Amino acid sequence: MRIATWNVNSIRARVDRVIDYLHRGDIDVLAMQEIKCRDSQFPYAAFEAAGYEVVLHGLNQWNGVAIASRLGLEDVEVTFPSQPGFGPVGDDGQPPVEARAIGATIEGVRVWSLYVPNGRELDNAHYPYKLEWLAGLARDTQSWLAEHPDIPLALMGDWNVAPFDTDVWDMAEFVNSTHVSQPERDAFFALEGIGLTDVVRPLLPEGYTYWDYKQLRFPRNEGMRIDFIMGSPAFADLVESAEIVRDERKGDGPSDHVPVVVTLTGEDEDRPMFL
DNA sequence: ATGCCTGTAACGTACAGA
């Protein structure tokens with residue numbers, strides 16, 4: 001099974017490129033972020049024609065997450081229980097919960113597509129929101145793992161955190177900026193504290209996953225590594241290889257992020273999955 | 001060339017992104 005995560009930066013603007021990549025990349029499951037549309041606006045037909053079923057959570061032009069699969073989708077869950085909201089309180093007296101998390105099970109593998117809040121600036125209200133969001137995710141994931149220790153779990157998406165200094169092209173550009181602050185890194189590493197690991201980094205120590213559209217960032221290779229696949233021990237055991245598809249940043253109309261892919265051991269192996 | 005930002009809502013310009 002080949003599973004990928006990709007911040008597509010609008011699925012309506014990118015559907016042809018995404019479908020084309022699903023074929024070329026032989027992708028079975030794709031977790032998308034920033035689809036930037038509501039359910040009624042999603043290009044379901046193109047995915048269906050390509051053989052993929054899609055589940056999504058999209059409320060408006062902001063954020064939005066989806067999972068496409070050609071191996072079925074079960075137990076779909078929108079938002080995680082502790083996911084905090086953001087913004088002016090609504091009729092229920094609570095800030096609205098944004099479209100940033102969707103989970104589903106594919107052939108016994110539990111997958112989440114996550115779009116972690118950006119944080120904006122260190123003194124912006126979006127920054128503590130980001131930290132609370134990650135803390136809630138860690139809390140809920142710890143509870144889930146305690147109940148389902150044998151089900152392979154992958155939390156995949158745009159984490160909007162550069163865990164190491166080498167994950168940005170120049171730390172001098174990030175003085176007093178989000179994405180590299182210690183509280184953000186601590187919140188990210190808390191996922192490792194509950195047993196998850198970045199299943200791509202050991203296989204691919206080098207490589208960015210995002211380059212800003214501005215200032216020739218891609219031609220200069222001034223990027224960031226912020227898209228990760230965090231796997232439980234049972235998931236990590238299945239990972240055979242990984243790819244960061246840098247070529248998807250080239251050509252006409254690319255997303256500013258590229259796909260991150262892992263190949264899991266399949267039925268052709270001499271041992272059955274999940275043993 | 002991988003090239004000086006892009007997408008959405010709404011039709012001029014604001015907001016968001018990292």
Side-chain angles (χ1 to χ4, degrees), chain A residues 5-18 20-21 32-43 56-66 85-88 95-96 98-100 113-131 133-134 157-185 187-188 206-228 244-260:
Chain A
T5 182
W6 193 2
N7 179 323
V8 296
N9 186 21
S10 171
I11 190 57
R12 286 177 290 173
R14 214 79 61 210
V15 60
D16 291 346
R17 276 193 76 128
V18 171
D20 185 55
Y21 173 68
M32 289 172 272
Q33 301 86 39
E34 283 207 90
I35 61 169
K36 291 187 171 178
C37 68
R38 302 187 302 272
D39 184 79
S40 62
Q41 300 171 306
F42 189 90
L56 69 86
H57 184 212
L59 297 172
N60 49 42
Q61 72 269 42
W62 309 120
N63 318 306
V65 285
F86 182 77
E98 299 178 311
R100 295 182 178 273
S113 178
L114 303 173
Y115 181 43
V116 177
N118 171 289
R120 299 181 188 167
E121 293 89 32
L122 296 179
D123 60 357
N124 191 296
H126 213 254
Y127 179 75
Y129 166 53
K130 178 181 192 173
L131 299 178
W133 202 97
L134 285 165
D158 176 358
W159 292 78
N160 271 319
V161 177
F164 299 98
D165 288 358
T166 49
D167 293 332
V168 299
W169 78 96
D170 182 3
M171 275 297 288
E173 295 275 346
F174 287 85
V175 175
N176 293 322
S177 293
T178 59
H179 294 67
V180 300
S181 75
Q182 199 56 50
E184 286 165 276
R185 288 177 170 176
F188 177 81
E206 304 276 325
Y208 301 132
T209 64
Y210 161 88
W211 297 261
D212 199 303
Y213 288 121
K214 293 182 278 191
Q215 297 178 269
L216 293 171
R217 291 303 188 205
F218 185 59
R220 296 176 197 268
N221 196 29
E222 295 174 342
M224 304 173 73
R225 184 168 177 138
I226 52 176
D227 299 272
F228 302 109
I244 297 171
V245 191
R246 193 176 185 282
D247 282 355
E248 281 304 313
R249 185 64 176 77
K250 301 178 181 177
D252 292 329
S255 171
D256 42 5
H257 297 250
V258 295
V260 178

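What you see is a predicted model; the values in this text were computed from it and never measured. Keep in mind that the numbers below use all heavy atoms, side chains included, and drop hydrogens, waters and symmetry copies. Convention: sequence-line order gives letters A, B, ...; per-chain numbering from 1.
Atom CG in A:Asp252 sits roughly 12 Å away from atom C1' in B:dG3 (whole-Å rounding). Note: CD (A:Glu34) to P (B:dA16) measures 13 Å, nearest angstrom. Taking atom CG of residue A:Asn160 and atom P of nucleotide B:dA16, one finds them 15 Å apart after rounding to whole Å. Spacing between atom CH2 of A:Trp211 and atom P of B:dG3 amounts to 13 Å, rounded to whole angstrom units. Between the CZ atom of A:Phe86 and the P atom of B:dG17 there is a distance of 9 Å, given to the nearest Å. Atom CZ of A:Arg217 and atom P of B:dG17 are 18 Å apart (whole Å). Look at CH2 on A:Trp159: it is 18 Å from P on B:dG17, rounded to the nearest Å.
The phosphate of B:dA18 (OP1 or OP2) has a side-chain N or O of A:Tyr115 nearer than 4.0 angstrom. Phosphate contact (OP1/OP2 of B:dA18, side-chain N/O of A:His257, threshold under 4.0 Å): present.
Each salt bridge (charged side-chain N to carboxylate O under 4.0 Å, His left out) pair with one or both residues in residues 157-182 of chain A, not counting sequence neighbours, appears once here: A:Asp165-A:Arg185, A:Asp167-A:Arg201. For residues 213-225 of chain A, the set of pairs meeting the side-chain hydrogen bond (donor to acceptor under 3.5 Å, both in side chains) definition, not counting sequence neighbours, comprises A:Asn9-A:Tyr213, A:Trp211-A:Asn221, A:Gln215-A:Arg217, A:Arg217-A:Glu222, A:Asn221-A:Arg246.
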Apply side chain to side chain donor-acceptor pair (under 3.5 Å) to A:Gln33 and A:Thr5, showing your working.
-> CA-CA 8 Å; A:Gln33 301 86 39; A:Thr5 182; 3.0 Å; yes
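Ring orientation note: the planes of A:Tyr21 and A:Trp6 are nearly perpendicular, at an angle over 60° on the 30°/60° scale.
Only the P atoms considered, B:dC15 is 26 Å distant from B:dC4, to the nearest whole Å. B:dT2 sits 35 Å from B:dA14 when the P atoms are compared, rounded to a whole Å. Using C1' as the reference atom, B:dT13 and B:dA18 are 22 Å apart when rounded to the nearest Å. Only the C1' atoms considered, B:dT8 is 25 Å distant from B:dG3, to the nearest whole Å.
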With B for base contact, S for sugar-phosphate-only contact and - for none (protein heavy atoms under 4.0 Å), nucleotides 4-9 of chain B reads SBSBSS
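A centroid separation of less than 6.0 Å is found between the aromatic rings of A:His126 and A:Phe86.
From A:Met224, atom CE reaches atom OG1 of A:Thr209 across 8.5 Å, with rounding to the nearest 0.5 Å.
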